[in-house]
Q: 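If you scroll down you'll find the structure; I have some questions about it.
Below, chains carry the letters A, B, ... as their sequence lines are ordered, and counting in each starts from 1. All values reported here derive from a predicted model rather than from experimental measurement.
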Number of protein chains: 2
Amino acid sequence: MDLNKYEGEQKILVSVDCIILGFDGEQLKALLVRRGFDPEKSGWSVMGGFIRSEESADEAANRVLHQLTGMRNVYLEQLYTFSDLNRDSGARVISITYFALIHITNYSEQLQEEHETKWFSLDNLPSLIFDHKEMVLKAHARLRERAATHALGFELLPQKFTLSQLKCLYEAIYGTPLDRRNFTKKMRSLGILKKLNEKETASSRKGAFYYVFNKSRNGNFQAGRFKT
Amino acid sequence: MDLNKYEGEQKILVSVDCIILGFDGEQLKALLVRRGFDPEKSGWSVMGGFIRSEESADEAANRVLHQLTGMRNVYLEQLYTFSDLNRDSGARVISITYFALIHITNYSEQLQEEHETKWFSLDNLPSLIFDHKEMVLKAHARLRERAATHALGFELLPQKFTLSQLKCLYEAIYGTPLDRRNFTKKMRSLGILKKLNEKETASSRKGAFYYVFNKSRNGNFQAGRFKT
DNA sequence: CCAAAAGTGTTCATGCTACACCCATGA
DNA sequence: TCATGGGTGTAGCATGAACACTTTTGG
């Protein structure tokens, strides 16, 4: 118990929930987990846990993320705090949500089975418990916002990637097709890509050059929107 | 006590803090209050209160706002949740912050004295308790973001206003001077202003037409940034 | 008649959009 | 040799930036 100078005030259960997003090369996906306890046992939910008295919400989010994915140093950003009285049918719980972007390939099938988790396309989500669907939708919306001003997309792609893959990613984020020529032109003009001498040959006869993200030049990234 | 299916989990004190912003025709200001209790008694702080067990954070924020300003139906948006362990020296408190935009003229001097509150320019804030300065800065940053995509500015101006006043407001929001001609051209092109037949004559010989905000045409507001 | 703010228009540069042609290669 | 995805360039258009002149009227 901490020294409490605010006696008489009511305490509340506070959880963190992490909406974990990944990209499989074609679609944006969210990593959902089958809930292991009541209420709503075995319903699909995002990953969460209660905040402990010795940790901040950021720390709790990182802990939850690490427990289920084994990952650290992941892109993690606070999203929104949900506090409706009856949002959780088990008790009054306030949930601070975070969204995380991970390299989908780093999350093995083995881990999926261990934790009863599964990737779902954002276009085809299952029924989710409580207000978790709203959380996922808000995460997608935030990703769309961020993509215009931060080079976030790179958190979702493997270290080296082709311009086609990058284009697919932005199409998935915005939900709209982009013009290949205009897209690559703009991307190259931003000066945040470094072309490698290596080609990806699996998906085309000619082969497409790999690129890596040039972090040093990321200071003034301003992509605006990508249209057409 | 609610029925708690999550026994053994720790509860935490949760407060809401409202960063109230206004515009006096020249500067953006924040309404701060002298704290009336320990710890940090009589330090400047934003307006806050603990969340009660029968209200959501949104409801709590509206309650706090109403208590101190008497206003309802104010623009109020959730901002960020602060949760560092030692952010409040009295106890471990998680704070869900909101920012509010009000018409500064609606807040009388009488109310200021009653509640020991005062308007401070965002450029000249006093020393604030805990992490409240960070809250105010985050509110200003959010206002800057929103001003580009929502017609928020109108929440801060009186019902009828001149283009000069509107320009001043945007200059205060962005902290940069704007070109009068380009600004008015763009504003008029957005189709969200309605010109009145009435002039404001106090601040110029010629007199400037009043405008009102045309709410019906606010569907697809996209101001982008205002530069130069 | 002059100072001070208001109202309006033109030019130039930049960036976005739309669109077409050639390249490399495995089958 | 041909189908498939990869790479690049150009012309037109829209938007933003820079900038100057006229109008009104109280003093």
Side-chain angles (χ1 to χ4, degrees), chain A residues 25-26 144 147-149 157-158 160-212 220-228, chain B residues 25-26 144 147-149 157-158 160-212 220-228:
Chain A
E26 292 187 356
R144 239 176 275 135
T149 52
L157 287 171
K160 50 185 189 180
F161 50 85
T162 66
L163 288 175
S164 296
Q165 290 169 338
L166 189 57
K167 169 172 166 285
C168 280
L169 172 59
Y170 274 86
E171 288 177 330
I173 291 175
Y174 291 125
T176 176
L178 301 173
D179 182 85
R180 186 171 56 89
R181 296 156 290 188
N182 292 335
F183 178 81
T184 58
K185 201 191 314 170
K186 177 157 187 182
M187 264 299 165
R188 274 188 279 117
S189 79
L190 292 173
I192 54 175
L193 296 178
K194 204 168 74 185
K195 192 178 190 173
L196 300 184
N197 267 331
E198 195 184 346
K199 280 192 168 187
E200 189 263 5
T201 52
S203 56
S204 85
R205 320 276 190 204
K206 185 177 178 179
F209 282 106
Y210 277 119
Y211 287 79
V212 292
N220 50 355
F221 181 84
Q222 265 297 355
R225 305 244 162 268
F226 289 89
K227 297 174 208 148
T228 311
Chain B
E26 291 187 357
R144 238 175 276 135
T149 52
L157 288 171
K160 51 186 190 179
F161 49 85
T162 66
L163 288 175
S164 296
Q165 290 169 337
L166 188 57
K167 169 173 167 285
C168 279
L169 172 59
Y170 275 86
E171 288 177 329
I173 291 174
Y174 290 126
T176 175
L178 302 172
D179 182 85
R180 187 171 54 90
R181 296 156 290 188
N182 290 336
F183 178 81
T184 57
K185 200 189 316 170
K186 177 156 187 184
M187 264 299 164
R188 274 189 278 117
S189 79
L190 292 173
I192 54 175
L193 296 179
K194 203 168 73 185
K195 192 179 190 172
L196 300 184
N197 267 330
E198 195 184 346
K199 280 192 167 186
E200 190 262 7
T201 52
S203 57
S204 85
R205 320 275 192 207
K206 185 176 179 180
F209 282 106
Y210 278 118
Y211 287 78
V212 293
N220 49 356
F221 182 83
Q222 264 297 353
R225 305 245 163 268
F226 290 90
K227 295 173 209 152
T228 312

Q: Any chance you could measure A/Lys185, atom NZ, to A/Arg180, atom CZ, to the nearest 0.5 Å?
A: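 Between A/Lys185 NZ and A/Arg180 CZ, I get 11.5 Å after rounding to 0.5 Å.
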Q: Does NZ or CZ of A/Lys195 come closer than 6.0 Å to the centre of the six-membered ring of A/Phe209, within 45° of the ring's axis?
A: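 Here A/Lys195 passes the 6.0 Å and 45° test against A/Phe209.
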Q: Taking atom CZ of B/Phe161 and atom CG of B/Leu196, what is their separation to the nearest 0.5 Å?
A: 9.0 Å
Q: For residues B/Phe183 and B/Leu163, report the shortest heavy-atom separation together with the two atoms involved.
A: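 Of all heavy-atom pairs spanning B/Phe183 and B/Leu163, the closest is CE2-O, 4.1 Å.
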Q: Within the 4.5 Å heavy-atom criterion, are A/Arg188 and A/Tyr211 side-chain neighbours or not?
A: yes
Q: Take atom CG of B/Leu193 and atom C1' of C/dA6, then tell me their distance rounded to the nearest Å.
A: 16 Å
Q: What is the bend of the helix from C/dC1-D/dG27 to C/dA27-D/dT1 when you compare the axis at one end with the axis at the other, using five pairs each and rounding to 10°?
A: 10°
Q: I need the B/Asp179 CG to B/Lys186 NZ distance, nearest 0.5 Å.
A: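 So the gap between those two atoms works out to 13.0 Å.
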Q: Whole Å only: how far is the OH atom of B/Tyr174 from the P atom of D/dA17?
A: 12 Å
Q: A/Lys186 side chain N/O closer than 4.0 Å to the phosphate oxygens (OP1, OP2) of C/dG15?
A: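 The answer is no; no side-chain N or O of A/Lys186 sits under 4.0 Å from OP1 or OP2.
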Q: Which residue pairs pass the side-chain hydrogen bond (donor to acceptor under 3.5 Å, both in side chains) test when at least one of the two sits in residues 198-207 of chain A, sequence neighbours left out?
A: A/Lys160-A/Glu198, A/Glu200-A/Ser203
Q: Whole angstrom is fine here: how far is it from NZ in B/Lys167 over to P in C/dA5?
A: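 Computing the B/Lys167:NZ to C/dA5:P distance gives 11 Å.
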Q: For the atom pair CG (A/Leu166) and CE (A/Met187), what is the distance rounded to the nearest 0.5 Å?
A: 4.5 Å
Q: Give the B/S/- string for nucleotides 5-13 of chain D, one per nucleotide from 5' to 3', where a protein heavy atom under 4.0 Å of the base yields B, of only the sugar-phosphate yields S, and otherwise -.
A: BBBBBB---
